[in-house]
Structures are given as C-alpha cells and as structure tokens.
Amino acid sequence: MALAATLLHNAYFCGRCCRHKALQPLLGPLLSDSLSKSYSSYRRPGSQPEKKTTWQNVDLSFKKSIEVLKTQLGMLKKETEDHLAGPEGQSLTHYMLEQTRVVWEFRSQEDLNKWVISSDVEIGGKSEVYLKLGRNNQTALLYGTLNTEVPRDGETKYSGYCSMRAKPLVGSFARKKYYDWSNFNSLYLRVRGDGRPWMVNIYTDPYFSHQKDDLYNYFMFTRGGPYWEEIKIPFSKFFLSSRGRVQDDQHPIWLDKISTVGFTIGDKVNGPFQLEIDFIGLLNDRAHTEEFAYETYEKNPPL
Amino acid sequence: FILMLSLALGTMITITSNHWVTAWAGLEINTLAIIPLISKSHHPRAIEAATKYFLTQATASALMLFSSMTNAWSSGQWDITQLTNPPSCLLLTAAIAIKLGLTPFHFWFPEVLQGSSLITALLLSTAMKFPPTTILLLTSHSLNPTLLSTMAIMSIALGGWMGLNQTQTRKILAFSSISHLGWMTIIITYNPKLTLLTFYLYSLMTTSIFLSMNSTNTLKLSTLMTSWTKAPMLNTTLMLTLLSLAGLPPLTGFLPKWLIIQELTKQEMTTTATIISMLSLLGLFFYLRLTYCSTITLPPNSSNKMKQWSIKKPVNTLTPTL
C-alpha cells in the first residue's frame, strides 16, 4: 500500500522529468549572489552587468542531465522516507518531546554556503561585507565596514546596510520546502557581537507575489564583550513589515511555513562591524506566555 | 450575520434548483459570501487563503457555466437532470471536482483551510460541500463512472498519504475531508443515497471535531496533546470522534464505509473496494497516531497559552457518541 502510494507519487512527479535539462538555470539564480533581474531594465550601479542571458546558460548535454535526474530522484526518495517517518523526518514522539532544536550551525564551508551575504553595493553604496569561518571552524564571522555614503543616482536618500540571509530550502525538482517551527516559540542565538544593534528578519514565503515583501523583524542588541551572548527572541515579538515599512495592521508570525532567516545591520554609523555566530536554534520557552506583543484589537473601529 | 444568511440562501437556491442558472447563482452566492469570512482576520495567510479560494471556485463556476451552456446548445433545454451531451458531462465533473476538492484538483484545500479560522474551516468543509454534492446527485445518472472512480481512488490515496505527518490540525482535517469526499464520489453513480448518507455522517463528525477543537483552540498538534489537562471529557470524546472519522467498526463512521463496500461488490467492483479499503488504512494509521498522542498516552508537557484553562462550557460532548 505504501508502495502503491509511492508509485503514485513517482508517476505524479515524472511529469517533471522533462524539465531536468532546464534545472541548471533554475538552480543557478538560487545559488548565485548576483541580483536577479526579471522585471526591471534599470541596472543599479553596484550590480554586475548581465553577460549571458538565462536561455544561453542552458546546458543540453545528456550525461549531465541524467546525473541531475538521478540526484533529484534520490532526493525524492529521501523525501518520501522522511514523509513516512513523521513530521520533518523525525518520528512523532521526537516531535512531541522536542524543546530545543539547532537549525543552523557553522562548522564547515558547506554550512557557510547555506547563507547569502549582501550589502548596499547592489544600490551603489560602498559598504563591504564578508562571511568566513571563525577560529577552529566553530563559528561564522560576519564582518565588514558600513558606509552610509549615499549613492548619487538622484533618487536614493539613505544607504548603509549589510545583511546575511539563509538560503531557502529546496526539495527535489527545485520545489520549495519550508521549515515547520510550530512547536517552538523563541529563536535562540548564540552570538558574540561588537555592541552594534542588529535586526533579525524572518521571511515566510507567501504563495502570491503581492505579499513577497512581507517580512517579520525584530532587533537584536549585542553586547560586544569577549563573552558569548545567548539571545532569546520570542516569536511573539516579531512585527510585520513590508519593504521596510512597518505595517499598521500587525499580525503574529505563523510558524508553520518559514522560509528564511536573516540578519541586517543598518544603524547609520560609519565604521567596521563584526558578528560571530555560534549557532542559531529554536527554543520552546515554557515560561513565555505572551501570544503577541502588539495590539490586535481594531484600532479604528467603525462607528 | 448577513454573511451566514447569504450562505444559507446560496445553499438553498442551489439545492432547490432545476435550472442551471439558478444552480450556478447559488454557488456564486456561496463563494462570495464565504470570502470575507475567510479573510476576516486580515492576517497575510488568511488573505492568501481567501485569494486561493476565490480563484479556484471562480474557475470551477466558469467551467460549470460552460458545461451547462454546451448542454443547452446541443439539447435545447436547461434542466439539470437532462444532462445529455458527453463533453458537458466531463466539464461538469471537472467543475464539481474543483469545487469539492477532489484529486487532482485538491491543492487549494489544505492551504485555504489552514488560512481560515476554525469555524470558517468548518463551514468550508461541510456547508460548502453540500451544494456541489447535490448537483452531482441530480446529474449522477449521466456522469462518467470511470472518471469519478479514478478521482475518488486518487483522493482517498492522497488524503491518507498527505495526512501522514501534518502538524497543523486544520490541514489534517482538510486531508480527512479529501479522503471522505473520495468515499462519497466513488458510489455516486451506483447508489446516490449512500453518498448523501456518507455526507451527512461526515458533516456531523467533522462538526463535532471542529467545535471541540474550537473550544480548546487547538491549532497544532502540540496543543491537542495538552488538552487533556484542560477538559478531559472533551478530550475522550474527541478521540472517539476521530476514530469514528477513521471508520473503525463499532463507531458510526464505519457505517457508510461498510455500505459503500457492499454496494461496490454488488456492482462487481471488488478490486476497487479492496483498493479503497487498503488506502483508507493509511488514514486510519494517522488518526490512531493522533488519538494515541492526545488521549491514550498523557503527554508530559504543558501548553503556555493563558486562555486555555478549564473550559466552562464544553459543547458537543454527546454528538460523538452517536
């Protein structure tokens, strides 16, 4: 019966087999650092000029496509096994009893490759940001220089930000996968900063594109000392913003479909910055009973 | 309040119609009335759910209109029971499948249910399924049994498979709904009364589950597991209802399954009957796991929702014992 169901699912996904040749350009924008330009023709001063169009990147070699197909089918098989095992690939008892979970650790270059760094260079600014493994391969060091000099293109008013963002999970055949953090209620970060304030952003990838700029943010104030800090940010504190503007209509974040987490620095102070992260995890803080930190009642009720 | 009234109005119009246009009008009234209900909380996910619902239901209504128009063009009349043109039958089957959420048109259903509040989700799975089912009943003699059986078997398979490791209660109920719809549609061309019976029993059981979940405000599995401290009676009845939904023999939920299997064997479709019973085992496994987690083993953790202390007014403690 499980075999029949697996066959059913494989047959369902086989329709996507013919797309394996186009997988490379599909995965390309996901894995590269350059700005994707699917809608605007104005090129910001900081971004690279497009040397090859997307359709020129298509690789039609047969062997490579067979390998890609094999990897994708392998991933699909693993996903099916995870589905059978329980939520998120672990058994249900594990899910039930889980109180903490480490989501991102930084122990090797592979772990670093799961993150993307960006700065205001993409709009023409002059900040620099780098990400490397810290001492003994135990941490990740995000460092650089913030420069608030405004790019002179006539329309930008502010500048000076750097950020680090996790890459979204990709399943077999380039499908989107999400994190399910509904069992937890706080974000647990073990960081060693330099006293500068950071902003933590959580992106819940929505289905429709009109909500694609929706981001849940909160602040992370670092101490700067030589000691490690364990910062717990409950998810009830995150506020909703869209394209950087805090929304009037606030809602708590729903934890069942989370795509990426990011850190941004943009505190209008010129100078170097450093953030050392040991791991990023989740915590189910039993003592935290707040459901949402901001007003949920109707603020302008109709009379 | 007026939205509930419009829902009732739309349902009544569709049920009592014998002309295609009135049936379509009733369905449209239902769709339009429930859209504000889904997006009432203005949460981005709720709005997303409302948009998905609107798009799928509008497509389905358009297809239904196409089928009725081609039928009227070829046969010259608009009576629902006289659906003679084969392409119209196909189009109508597709349209109703989209409206109900049968595989392969089920993709909107779990997301929409997840985005709406528990009561709206209840309305979506029971009340909104009623008018399309009546249309299917009215036209059941002229529908293509192969297509319906295929969709039904796929629905039961998918409902069981996808429900396996969901952690959100609304999505679980969405997949159980898809599965039950499969059971309902597999028998519709042979004995429509059984479809109606399945539908009524399913609505009753789902209503009691949704209302119990609403009183304890369980939106995810972990909350469900801690509800034994808050309202123990409700928890036990919830367990019985879930098992009934799965179709275990001494409980009521077994009745429609038994009758459907009997009818299918009478129609010489024994392999189909075996396949669907095996597939609903998947669902049974899942429901058992849920009840195991929530009632049989008393979990050690506590919930940190302040509002969930002893409920004073438990509703529906008697309905599950039907």
Side-chain angles (χ1 to χ4, degrees), chain A residues 1-2 4-9 11-12 80 82-93 95-99 180-185 204 206-208 210-216 234 236 240 242 247-257 284-291 296 298, chain B residues 41-49 51-52 55 103-104 107-108 111 114-115 153-154 156-158 160-162 164-171 217 219-226 274-275 277-282 285-286 289-290 292-294 297 299-308:
Chain A
M1 162 205 46
T6 326
L7 276 173
L8 206 76
H9 255 254
Y12 173 73
T80 322
D82 282 346
H83 187 92
L84 282 172
E88 311 251 308
Q90 304 144 340
S91 67
L92 193 66
T93 41
Y95 172 80
M96 264 169 60
L97 297 171
E98 212 173 20
Q99 292 194 37
D180 177 14
W181 293 347
S182 48
N183 221 2
F184 305 99
N185 65 1
T204 58
Y207 188 80
F208 295 109
H210 72 279
Q211 283 173 347
K212 75 170 163 21
D213 303 308
D214 276 1
L215 208 59
Y216 290 90
S236 60
L240 176 65
S242 174
Q247 301 296 300
D248 283 333
D249 199 14
Q250 281 297 327
H251 300 285
I253 181 171
W254 279 22
L255 297 159
D256 59 336
K257 220 170 121 182
N284 187 0
D285 194 356
R286 301 285 178 196
H288 183 81
T289 50
E290 189 185 41
E291 295 207 353
T296 49
E298 232 183 281
Chain B
S41 67
H42 296 293
H43 191 282
R45 288 282 289 279
I47 300 182
E48 180 188 311
T51 323
K52 279 187 194 161
L55 287 173
T103 321
F107 295 100
W108 57 275
E111 306 283 324
Q114 175 69 11
I153 297 178
M154 283 204 292
I156 302 175
L158 200 108
W161 175 258
M162 295 297 287
L164 273 182
N165 60 1
Q166 296 296 335
T167 56
Q168 308 292 320
T169 44
R170 289 169 287 183
K171 276 202 186 169
N217 206 17
L219 294 172
K220 36 188 218 251
L221 218 56
S222 38
T223 336
L224 183 64
M225 291 175 213
T226 60
T274 330
I275 293 176
S277 334
M278 301 299 252
L279 288 174
S280 58
L281 271 178
L282 271 176
F285 163 67
F286 183 66
R289 199 163 68 167
L290 261 186
Y292 170 76
C293 293
S294 67
T297 60
N301 34 12
S302 60
S303 154
N304 23 9
K305 286 209 172 158
M306 295 295 280
K307 290 192 250 182
Q308 265 203 326

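Order of the sequence lines sets the chain letters (A, B, ...), proteins ahead of strands, with each chain counted from 1. In what follows, every heavy atom counts, from backbone to side chain, and hydrogens, waters and symmetry copies are set aside. Just so we're clear, the structure is a prediction, and the values are computed from it rather than from any experiment.
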With a 4.5 angstrom heavy-atom cut-off, could you sort out which part of B:Glu48 is near chain A: side chain, backbone, both or neither? both
Look at the side chain of A:Gln250 and the backbone N and O of A:Leu240, then say whether any donor-acceptor pair between them is shorter than 3.5 Å. yes
Region of B:Leu55 in contact with chain A, defined by heavy-atom distances below 4.5 Å: side chain
Which bit of B:Gln114 comes within less than 4.5 Å of chain A, counting heavy atoms only: side chain, backbone, both or neither? both
For A:Asp256 and A:Ser182, indicate whether the former's side chain and the latter's backbone hold a donor-acceptor pair under 3.5 Å. no
Roughly how far apart are A:His83 NE2 and B:Trp161 CH2, rounded to 0.5 Å? 5.0 Å
So, for B:Lys220 and B:Thr169, which heavy atoms are closest and what is the spacing to 0.1 Å? N-OG1, 4.0 Å
